[in-house]
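Nothing here was measured: the structure is a model prediction, and the numbers come from that model. We name chains A, B, ... by the order of the sequence lines, and we start the count at 1 in each one.
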There are 2 protein chains.
Amino acid sequence: MPDHIRPPGQRVTIYDVALEADVSPSTVSRAFSRPSRVNSETAERIRQVAERLGYRTNPLARALTTSRTQMIALVIADITNPVYAEIVRGAQDAATDGEYTTVLIDAQESDRLERAAVERTMSTVDGIVLASSRMSDSAIRMVAKQRPVVVLNRALADVPCVVTDDPRGVRRAAEHLGELGHDHITYVAGPQASWPNGIRWRSLLEAGMELEIKVRQIGPFSPTMAGGERAAQELSARPATAVLAFNDQMAIGIIRGLSRMGVNVPGDVSVVGFDNILAADIVTPGLTTVAAPLYAEGSAATRHLLTMIDGSPGHTGRPMVLPVRLVVRDSTAARNPDPGRARPAWVRQRPVPGPAAHRP
Amino acid sequence: MPDHIRPPGQRVTIYDVALEADVSPSTVSRAFSRPSRVNSETAERIRQVAERLGYRTNPLARALTTSRTQMIALVIADITNPVYAEIVRGAQDAATDGEYTTVLIDAQESDRLERAAVERTMSTVDGIVLASSRMSDSAIRMVAKQRPVVVLNRALADVPCVVTDDPRGVRRAAEHLGELGHDHITYVAGPQASWPNGIRWRSLLEAGMELEIKVRQIGPFSPTMAGGERAAQELSARPATAVLAFNDQMAIGIIRGLSRMGVNVPGDVSVVGFDNILAADIVTPGLTTVAAPLYAEGSAATRHLLTMIDGSPGHTGRPMVLPVRLVVRDSTAARNPDPGRARPAWVRQRPVPGPAAHRP
DNA sequence: GCCGCGGCGGCAACGGGTTGCCATGTATTG
DNA sequence: CAATACATGGCAACCCGTTGCCGCCGCGGC
């Protein structure tokens, strides 16, 4: 009965609908793309025929003339990093609201892969959100010249940006540590290609000046738990009582590394992270961290992108900055007043067997 | 100097190249898509002109005639769930190997959203990997009729599938718990729309029969930490000494919930999860869990999809099944031999203040 | 010298919509 | 009632490659 069962692979086109509805193809086209341009009864009839035949407009064909694919690309540095999950959610929801589809690209922390992927995708999307791009400024500008681009977690002249208020976050963390009696903070650096890494360190320098806290930096390390564990090793060579890590994953790695070496967190060392990922709450001790409004970041960036696509110039003046807050948990505590107790376990470097290894 | 700086928005087409190289557009087209079909010197000249002009072939236009976009869609149930990160990596790497771009779609655990997104994307991709789809069997078959589809983590007649050996994983978990003296296992169920949820429960039923372990089920709960904490509440009403959770996130939630109520894991209750996400290793106690070869899943599924796209029928016979292994950590222990001690803390239900709350 | 064949390039017809412009018919206005 | 405006629909060109088919040319074989 349903005569809309066509040989598979034979897509229904506007021509089929036109024939069936006894109008010209252009009318069918207009019935969908500019309904106001056609008589409402005709439009309705066409819509019914289309429905019956199972017609779907072919986005590729449409894109060919309109050069609008209704897709945007979201490029993230590392899908393995849970920070991006919420950002993606925010972006995706905003895109869906605007009738756009999101193409997610995982750069795997690689400049090269990121460029290649962007290159490949650029011509298929109407705009791009670069979240924590690892590309060079000039590469980004190049891309921005060809398509609307919004950059997330990075400030860059002439390109619309949205960033979080990292300086304030760092400042709050430093104040918090200062109040606990720490007079020295070690920054454990993440990837040098990461823009926030630079700003966090500089902010700490600045905060240190004002608060009269000494600061130093070690690294860079990979922004992962493994990287944090490696940092812990290095920390043991140059002791510290307060550590600010580039991100939560590293902070967690640091906590684990230190614990394994017999160093007590927060008893001997206070650790602060960045991002407030879910795991920050489940690690023991709970991780004190600077929380960013992840979802809002993704959502704000893509909303801005959509307005640009719709022709707005995209205010490239100041970056849009989103507020952060310090989430205090149990990885920070008053500085151990007994220097004799603060170091021994650590100087001895007695490696304690870690938690049960993976046994198959 | 470089005359290839054209007014932005004016893309270079084969016609421009043809004009400049003094050949016909078709020759330019062939120079790229079938180099063997054109004289190698001519081809080289064309390539140089194209390079000079900055020509890039427009994938949309190409797709219009070839109906090949060189894109595949990867649909995942919930990007917030870390399990998918590795799957995505595997899929993406495999796709990149085959010169395909991956479009990631997050279904947000919603049947409706998933269908809508698939519907929207279907016509723009050459094939689809459905990882842990929440759609109905019939909806999936519908999609499979229009595009090559590989289903991940779900078995479905007439559609190529790749699954993990959950029955064996559950069996191993049950054996492990049995050896520790547990004679009763409670399964904490996840989403009913999740296929693995069903199979895990049935496998546990079966394993219980053979191993003479009693089993029961509670739930369903949302497959998140929050869901696990809710499950912990319910568990307190109907005590258990051994729990198998639908996934790691729930298991972690259960551990936290129980701890908060003063129940000791693994002293009073043993908890086993599923998936071996990173957090399983950082929670205290470390979570015993059934590990799946996430990366391999994504990679195998996509590779299979690519062969289907290249015309192979896609063996729809038996699903491809990937091996799992039990990772034993510290959340499982011998059953508490003292029933008097096994329940009191729990019957009393003294809610213990949880870890420090988020203080801004 | 004639024929056949292979290499190479061009023509033109797509693929599936979109849109500027024109033709027709009807409603509005003076 | 003529003149003008507007609503509606059709024609045809266009977007940018791809590809079937044909023609031209040079070469080797008989």
For A:Val23, which contact category applies under a 4.0 Å heavy-atom criterion: base, sugar-phosphate, or nothing? sugar-phosphate
Base, sugar-phosphate or nothing for A:Tyr15? Non-hydrogen atoms, less than 4.0 Å. base
Just N and O in the side chain of [X]: are any of them under 4.0 Å from OP1 or OP2 of [N]?
X: B:Thr27; N: C:dG10; result: yes
X: B:Thr13; N: D:dC16; result: no
X: B:Ser26; N: D:dG17; result: no

Look at the side chain of B:Arg56 and the base of D:dG17, then say whether one donor and one acceptor between them are separated by less than 3.5 Å. no
Would you call A:Arg89-A:Glu86 a salt bridge at under 4.0 Å N-O? no
Less than 3.5 Å apart, any donor N or O on the side chain of [X] or [Y] sitting next to an acceptor on the other?
X: A:Ser133; Y: A:Glu114; answer: yes
X: B:Asp106; Y: B:Tyr84; answer: no
X: A:Asn81; Y: A:Glu109; answer: no

Please work out which residues in residues 33-41 of chain B have a non-hydrogen atom less than 4.0 Å from an atom of DNA chain C and list them by number. B:Arg37, B:Val38, B:Asn39
Residues within residues 62-73 of chain B bordering DNA chain D, heavy-atom distance below 4.0 Å: B:Arg62, B:Thr65, B:Thr66
Are the side chains of B:Ser136 and B:Asp111 in touch, meaning some heavy atoms are under 4.5 Å apart? no
State, to the nearest 10°, the angle formed by the axis through the first five base pairs of the helix from C:dG1-D:dC30 to C:dG30-D:dC1 and the axis through its last five. 40°
Of D:dT19, C:dT19, D:dC11, the nucleotide closest to the side chain of B:Arg30 is D:dT19
Quick one, A:Arg154 with A:Asp137, criterion salt bridge (Lys or Arg N to Asp or Glu O under 4.0 Å). Give me CA distance, side-chain angles, the key distance, then yes/no. CA-CA 10 Å; A:Arg154 176 156 169 172; A:Asp137 284 9; 2.6 Å; yes
